[in-house]
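Reading through the structure tokens given below for one structure.
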Amino acid sequence: MNLLHLFFIFCVGATTALQGGITSKLRYRRDSVGATNQTSLPQFDHNPGERANAILVKRRGYLYGPSKMGNASFFPTGNLGDAMVANDLSLFTATQEAVQSDINTDAVAVQVAVETNGGLKSFADYANILYNGQWSRAVPSGEDPGILSNYTEDLLFSMERLSLNPYAIRRLTPQEILPFELGDVGDSILQVAEMSITALQQAGRLFLVDHSYQAKYPTTGRFGAACSAYFFIHPTSGDFLPLAIKTNVGNDLVYTPLDAPNDWLLAKIMFNVNDLFFAQIYHLVATHDVGEIVHQAAIRTLSDNHPILAILDKLMFQAYGIRPTGDAVLFNNGGAIDTYFYLNSTAARDFVADWYPIAGAYRANYFNTFLENRGLLNCDYGPALKSFPYHEDASIIHKNMQIFMNSFIDSYYQSDKEVEEDFEVQAWVTEARNEALVIDFPELVTTKGVLIDILTHFFHLTGVAHHVLNTADPVTSLGTLPFHPAALYHPIPTSKNVTDLLPFLPPPATAIGQIGVFAAFNRAHFAAQNLTLAHAFSDPALLSRLNVGTNVAASKFSESMRNISAQIRGRAFDADGLSQGMPFVWKCLDPETLPFFFAV
Ligand SMILES: *[C@@H]1O[C@H](CO)[C@@H](O)[C@H](O)[C@H]1NC(C)=O
Ligand SMILES: *[C@@H]1O[C@H](CO)[C@@H](O)[C@H](O)[C@H]1NC(C)=O
Ligand SMILES: *[C@@H]1O[C@H](CO)[C@@H](O)[C@H](O)[C@H]1NC(C)=O
Ligand SMILES: *[C@@H]1O[C@H](CO)[C@@H](O)[C@H](O)[C@H]1NC(C)=O
Ligand SMILES: *[C@@H]1O[C@H](CO)[C@@H](O)[C@H](O)[C@H]1NC(C)=O
Ligand SMILES: *[C@@H]1O[C@H](CO)[C@@H](O)[C@H](O)[C@H]1NC(C)=O
Ligand SMILES: *[C@@H]1O[C@H](CO)[C@@H](O)[C@H](O)[C@H]1NC(C)=O
Ligand SMILES: [Fe+2]
């Protein structure tokens, strides 16, 4: 190790008023003391026997049990596994009860407002009477500015695909067969896009969201379609806009922006019903199910004093409280899915099993890999997106996560060889692939770079990916009424020219219920409790167990998160009534708001 570098971090470490003795931290490499909980690599542990025994105890006590919330990754069991779950569940439940009590109070005020109004008699009532700052306890930040007023703007609908739910959209390649033909609305496309659909596709300007697979899932008896939709980059303005929506059920109508305003608005709402279901269940499969199983493999192979497990444990705070709760109140017979959504809880379980092999893959879902594979980033056959709000915010956070993990790994491992010689990490990789059955986990972890990638992605899952689709987003934007109902309450039309859209929207009690359910995922009080991304590694108890290099990296990470937060909090509408090119102001990925863990 470079001595100057070591001296530098020593000095910085000393001036950041860290707890505990600095010298003991400098000795971690060769001098780990079995009796304390200082972290160290196994090859430098002075008590290898004791350390190995402790791992054996864990291997007997943490076992892989059946998946929960649908058939995806294993859920912990065994005496130690059960105890961990019980502990997480009690932490999670305490928080959830406090949140629910806020919701119950707020909901009473909303009920009174609706009654005073004599019900919900217009779309405007859904946007105003149901909100109006009345969710001030459960959602003090309020809904995203513009999301309740500008929802008829096509740009709002299309840009939601690049912000609120960036996991469903992809760019079509020029070579592939068009997923659906436009039939007799084909001519109208020329008016909307100034190019034929084939020309758009050839130019790499055509995008798809495909929820047609939802047609096969069982429903609650409420109504919905299984929409697929084209979006495009406009050849003149460069705006990312909707082109057509096909229902894939009933008379399989294809709608375009040239339809009557009611028809087109209904088409977008039908799409949103499908997209909201996708977003909510996908978030479970793509984040919880993955983080949990990688962590379970780590618990069974890494010593509790391994620095990597110390970090993973932190990021997995209370995480195992969520799937049991979800089985009890969301996916249960008659639970929240069955009560509010179009597709029933059996469908939710089907979705989990169908999507886990895809969304649960590890490397394929790395931040840049995923976006590049879908033609959203660095695309070589079409123009770049003019604005990509999710990428704009997530990429800077991701970069800082990578910087942190890079410093962390560099400070513990002098060389790639030391990674190879870390037999606990090697056991973790084998365990993850062969016992935990993590999909697409790296086979060979023989360099620091591969390890950094694994950890950066893990952090991205707990600190960003989870919260784009879940946490606050459903109640502040992704699931707001009247534009994003979880189900429709009137059969979908067999022809166009629908006159009255109100019957499609949830009746008042259900509307309030939907908002309340999504508010239950919000975590308004976490900022005051330092449970946000900016504070992921500022807990003195954790820092005292980690080396100086990691302590320095942790404080830099925190500073960068606070900087990013200040920038996002300053966001407002520009002169065109836009923010990040969208007719609403999206502050979801604010590191002083985002939890650093799978909060809910
Ligand atoms: C869950 O999925 C796995 C992998 O597809 C399969 O082997 C297993 O039988 C399934 N378990 C259940 C309970 O359906
Ligand atoms: C979902 O719908 C299907 C088809 O109607 C039905 O068989 C299944 O029992 C339903 N699931 C629940 C939880 O009600
Ligand atoms: C819808 O109404 C318009 C005029 O109101 C009419 O021109 C059109 O043919 C109607 N379309 C259908 C499918 O009924
Ligand atoms: C949160 O962290 C700040 C320093 O970053 C500290 O001053 C404050 O006391 C902490 N609050 C809680 C509730 O731990
Ligand atoms: C072990 O770590 C915890 C924090 O996780 C700390 O409170 C405790 O003092 C440490 N114990 C020893 C012996 O270092
Ligand atoms: C945070 O912002 C301040 C002021 O703009 C800047 O001096 C500092 O370098 C930034 N820190 C990080 C880690 O980005
Ligand atoms: C969106 O809504 C906000 C607030 O209601 C308004 O100030 C802004 O101009 C709107 N933007 C567009 C493009 O309509
Ligand atoms: Fe979640």
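Indexing begins at 1, ligand by ligand and atom by atom, following the structure's order.
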Does Gly577, backbone or side chain, put an N or O under 3.5 Å from an N or O of ligand 7?
yes
For Ser149 and ligand 7, does the shortest N/O to N/O distance drop below 3.5 Å?
yes
Check: [Y] main-chain N/O paired with [X] side-chain donor or acceptor under 3.5 Å:
X      : Y      : value
Asn117 : Ala113 : no
Asp259 : Trp264 : no
Gln318 : Ala599 : yes
Arg300 : Gln296 : no

Under 4.0 Å between a Lys/Arg side-chain N and an Asp/Glu carboxylate O for [X] and [Y]?
X      : Y      : result
Asp393 : Lys587 : no
Asp275 : Lys268 : no
Glu592 : Arg569 : no

Tell me the protein heavy atom at minimum distance from [atom], and give that distance in Å.
atom                    : value
atom 3 (C) of ligand 7  : Phe573 CE1, 3.3 Å
atom 1 (C) of ligand 7  : Asn150 ND2, 1.5 Å
atom 10 (C) of ligand 1 : Asn71 ND2, 2.4 Å

Just jot down the ligand 7 atoms closer than 4.0 angstrom to any heavy atom of [X], in number order.
X      : value
Gly146 : 2 (O)
Asp576 : 13 (C)
Glu153 : 14 (O)

Heavy-atom closest contact (Pro482 atom, Tyr126 atom, distance)
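Looks like CB-CB, 3.5 Å.
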Sub-6.0 Å ring centroid separation between His211 and Tyr213
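Yes, the ring of His211 comes within the 6.0 Å limit of the ring of Tyr213, centre to centre.
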Ring centres under 6.0 angstrom apart (His467, His283):
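Not under 6.0 Å, so no.
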Start with the C-alpha gap between Glu194 and Thr236, add the side-chain angles, then the distance that decides, and say whether side-chain hydrogen bond (donor to acceptor under 3.5 Å, both in side chains) holds.
CA-CA 8 Å; Glu194 296 175 4; Thr236 313; 2.6 Å; yes
Verify the contact flag for atom 14 (O) of ligand 1, where contact means a protein heavy atom under 4.0 Å away.
yes
Going by a strict under-4.0 Å cutoff (protein heavy atoms only), does atom 5 (O) of ligand 1 have a neighbour on the protein?
no
Taking non-hydrogen atoms only, is Leu155 closer than 4.0 angstrom to ligand 7 via side chain, backbone, both or neither?
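No part of Leu155 comes within reach of ligand 7.
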For the Fe ion (ligand 8), check which protein N, O or S atoms are under 2.8 Å away and list them.
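Near the Fe ion (ligand 8), the protein supplies His283 NE2, His288 NE2, His466 NE2, Val600 O.
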Contact between Leu156 and ligand 7, counting heavy atoms under 4.0 Å?
no
Is a donor from one side chain sitting under 3.5 angstrom from an acceptor on the other, for Thr220 and Asp338?
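Distance-only check fails for Thr220 and Asp338.
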